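These notes are about the structure you will find just below.
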Amino acid sequence: MSAISWFPMLAHKSSLFSRLMRRVGLVMAIGAAAMITAAWYYARAAADDAYDRLLLGAALQMSEGLVVVNGLLDVQLPPSAFELLGLAQRDRIFYRVLDTHGQTLTGYDDLGRDIDVTQSRAAPLVDNAVYRGADVRIVTLSHPVSIDGETEWASLMVAQTTEARGALVKELVSRAVLLVALMCLLALVGTAFAIRYSLKPVADLGDVLARRDPQDLTPLSVAVPGELWPFVASINHFIRRLDERVRLMQRYVADSAHQIRTPLTALSAQVSLIDDARLAPEDRRHLERVRNRTAELARFTNQLLNHAMVIHRVDSAQLGPLSLNDVARAAFRQAIPITVDPDLVVSFEASEDNPMVMGDMLSLREAVVNIIDNALRHGVENRLDVRVERGEGCGRIVVEDDGPGIPPADWESVTQRFFSTRSQGPASGLGFAIASEVARALGGTLGFRQRSATTPFAVCLELPLIREATA
């Protein structure tokens with residue numbers, strides 16, 4: 001279990017999965033649009049080809065009805081030609097037959113007036129046109145006839161509206177769209193599964209980092225694809241640098257603690273050796289101030305170093321089952337000085353249930369020591385009681401004193417660093433902060449009970465219990 005940490009909000013883009021899916025979707029959309037466009041052109045060409053064959057076949061059958069009677073050109077249109085064109089029931093048919101002089105023999109006289117029929121002698125002409133407000137497909141062909149021993153050319157035009165063609169194109173395109181949409185859907189589903197599977201090593205790497213113990217600063221040894229290896233190498237490089245910084249910081253804290261505590265201890269000893277009996281009253285007052293300030297400096301320095309130690313252990317120490325009786329007893333022995341005022345009554349009461357909690361012995365003991373020390377210095381008048389209790393799902397260490405206590409208005413503030421009430425003086429402010437941080441890191445709370453006529457002021461450190469199986 002580790003302490004609750006607050007991290008700055010990191011700006012992040014959308015996930016790799018969504019970014020890849022958007023790009024694949026965009027590529028598929030472009031491909032689908034291209035395929036549908038191609039299908040439309042293909043359907044239109046196929047429809048034109050099919051109906052042009054019918055139209056040309058009908059025109060050829062009509063051209064077979066051109067006959068010469070008594071030197072004059074005549075035409076007998078076969079019914080089969082119209083039956084062939086009647087296969088497209090939604091379309092209308094227009095035709096025009098021209099003699100060898102370009103005059104209309106039969107049919108619609110205004111059909112194809114702007115068409116040069118001489119160009120159809122080599123091969124039939126098929127083209128789009130607009131006739132009487134309708135889009136038509138028109139075939140023009142020339143047929144040779146023999147009149148008075150000379151070969152001349154008669155012409156024939158057959159036009160058909162394009163409704164059936166358009167219906168066929170729509171049907172073919174709609175089927176193509178349905179097929180393309182189904183293919184794209186299947187491709188997207190398959191791509192989603194493929195991307196999820198391909199990105200699984202990223203999630204696995206995240207799980208490895210999330211499950212990693214805070215104390216473990218060894219490089220990662222996890223199998224990853226080649227694309228992720230630079231990322232893992234960068235993490236390992238950062239871990240090595242962090243390990244070096246942590247070791248340097250630990251050495252610095254240890255050296256600082258030794259270098260600071262030793263001169264302070266020597267200074268306190270030197271001050272205590274001064275014989276104030278030979279000093280003037282004014283000098284005695286100055287000496288007493290020096291002693292008080294030296295003691296405050298030593299206590300405050302110890303609190304700072306203990307606070308740094310507690311923060312470090314909260315982040316890195318391995319937690320284990322602890323007996324609150326053992327923790328409170330060890331803290332009581334450490335906090336109560338041998339030279340305590342003989343008029344002060346101190347007591348310790350263990351719990352018969354022996355409540356067990358998860359924690360770090362050194363940090364939790366330091367938290368209780370600070371609570372007891374704060375009561376001895378700023379609260380107790382005649383009596384101090386330390387006891388362990390078992391509550392519903394929790395264990396408590398209660399420190400009571402018969403002093404005036406802390407006003408309820410200051411309860412929230414006293415757990416902040418460097419806060420002090422008027423009665424505590426300017427040199428205090430880390431004791432409750434240390435206890436509060438330890439309790440919060442272990443999932444517990446630090447609370448206060450107001451003094452009343454029947455109950456003394458109390459500070460309560462409450463932690464959740466663990467089950468016997470876990471213990």
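Positions are given from 1, in the same order as the sequence printed here. A quick note: this is a predicted structure, and the numbers were derived from the prediction, not measured.
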ask   = Excluding sequence neighbours, so at least two apart, what forms side-chain hydrogen bond (donor to acceptor under 3.5 Å, both in side chains) with Glu462?
value =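 For Glu462 the side-chain hydrogen bond (donor to acceptor under 3.5 Å, both in side chains) partners, ignoring immediate neighbours, are Arg396.
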Closest approach of [X] to [Y] (non-hydrogen atoms, all atoms of both residues):
X: Pro219; Y: Ile239; value: N-CG2, 4.4 Å
X: Ala375; Y: Val399; value: CB-CG1, 4.2 Å
X: Ile397; Y: Ala328; value: CD1-CB, 4.0 Å
X: Thr161; Y: Ala134; value: CG2-CB, 4.2 Å
X: Tyr51; Y: Ala164; value: OH-CB, 3.5 Å
X: Leu442; Y: Met358; value: CD2-O, 3.9 Å

[Y] and [X], any side-chain heavy atoms less than 4.5 Å apart:
X: Leu463; Y: Cys394; value: no
X: Leu344; Y: Leu376; value: yes
X: Val158; Y: Phe94; value: no
X: Phe432; Y: Val459; value: yes
X: Leu205; Y: Val232; value: yes
X: Leu364; Y: Met361; value: no
X: Leu228; Y: Val202; value: yes
X: Leu220; Y: Val208; value: yes

message = Evaluate Arg137 against Leu55 for side chain to side chain contact (heavy atoms under 4.5 Å, CB included), listing each step before the verdict.
response = CA-CA 9 Å; Arg137 188 79 165 171; Leu55 193 60; 4.2 Å; yes
So with a 6.0 Å cut-off around [atom1] of [X], is the heavy-atom count from everything else above 12?
X: Arg53; atom1: CZ; result: no
X: Phe231; atom1: CZ; result: no
X: Arg245; atom1: CZ; result: no

Output yes when a side-chain donor or acceptor of [X] lies under 3.5 Å from a complementary backbone atom of [Y], and no otherwise.
X: Asp401; Y: Leu384; value: no
X: Arg440; Y: Ala435; value: no
X: Asp402; Y: Glu381; value: yes
X: Thr455; Y: Arg451; value: no
X: Asn374; Y: Asn370; value: no
X: Thr162; Y: Arg165; value: no
X: Asn325; Y: Ser351; value: yes

task = Using only heavy-atom distances, determine whether the side chains of Arg92 and Gln160 contain a donor-acceptor pair under 3.5 Å.
result =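 There is no such pair between these side chains.
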query = Do Asp385 and Ser347 have side-chain atoms, one donor and one acceptor, less than 3.5 Å apart?
reply =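 Looking only at side-chain atoms, Ser347 and Asp385 do form a donor-acceptor pair, the distance falling under 3.5 Å.
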key: Note: Arg383-Glu400 ion pair, threshold 4.0 Å (strictly below)   =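 Not counted as a salt bridge, because no side-chain N and carboxylate O are separated by less than 4.0 Å.
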message = Looking at Arg175 and Glu171, is any side-chain nitrogen of the basic one under 4.0 Å from a carboxylate oxygen of the acidic one?
response =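 Answer for the salt bridge query: yes.
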request  = Name all residues meeting the salt bridge (Lys or Arg N to Asp or Glu O under 4.0 Å) criterion together with Asp326; count only those two or more places apart in sequence or in a different chain, and write none if there are none.
outcome  =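 By the salt bridge (Lys or Arg N to Asp or Glu O under 4.0 Å) rule, Asp326 matches Arg329.
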[X] side, atom [atom1]; [Y] side, atom [atom2] - distance, nearest 0.5 Å:
X: Phe332; Y: Ile372; atom1: CZ; atom2: CD1; result: 7.0 Å
X: Leu248; Y: Glu244; atom1: CG; atom2: CD; result: 9.0 Å
X: Tyr42; Y: Met35; atom1: OH; atom2: CE; result: 13.5 Å
X: Trp40; Y: Ser174; atom1: CH2; atom2: OG; result: 14.5 Å
X: Arg23; Y: Arg19; atom1: CZ; atom2: CZ; result: 5.0 Å
X: Ile195; Y: Leu20; atom1: CD1; atom2: CG; result: 4.5 Å

Residue pair Met183, Leu179: steps toward the side chain to side chain contact (heavy atoms under 4.5 Å, CB included) verdict = CA-CA 6 Å; Met183 292 177 59; Leu179 181 60; 4.1 Å; yes
task = Using the side chain to side chain contact (heavy atoms under 4.5 Å, CB included) rule, take Val398 and Glu389 through it: C-alpha gap first, then chi angles, then the decisive distance, then the call.
result = CA-CA 8 Å; Val398 182; Glu389 301 176 350; 4.0 Å; yes
ask   = Applying the side-chain contact (heavy atoms from CB on, under 4.5 Å) test to Asp52, which of Leu56, Asp49, Asp48, Leu54 qualifies?
value =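 With Asp52 as partner, Leu56, Asp49, Asp48, Leu54 yield a single side-chain contact (heavy atoms from CB on, under 4.5 Å), made by Asp48.
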query = Checking side chain to side chain contact (heavy atoms under 4.5 Å, CB included) for the pair Val368/Leu461: CA distance, chi angles, key distance, verdict?
reply = CA-CA 8 Å; Val368 180; Leu461 179 64; 4.0 Å; yes
query = Taking the six-membered ring of Phe348, is the NZ or CZ of Arg387 close enough (under 6.0 Å from the centre) and on axis enough (within 45°)?
reply =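 No, a cation-pi geometry is absent between Arg387 and Phe348.
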message = In terms of relative ring orientation, are Phe457 and Trp411 parallel, tilted or perpendicular, with 30° and 60° separating the classes?
response =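 Taking Trp411 first and then Phe457, their aromatic rings sit tilted (interplane angle of 30° to 60°).
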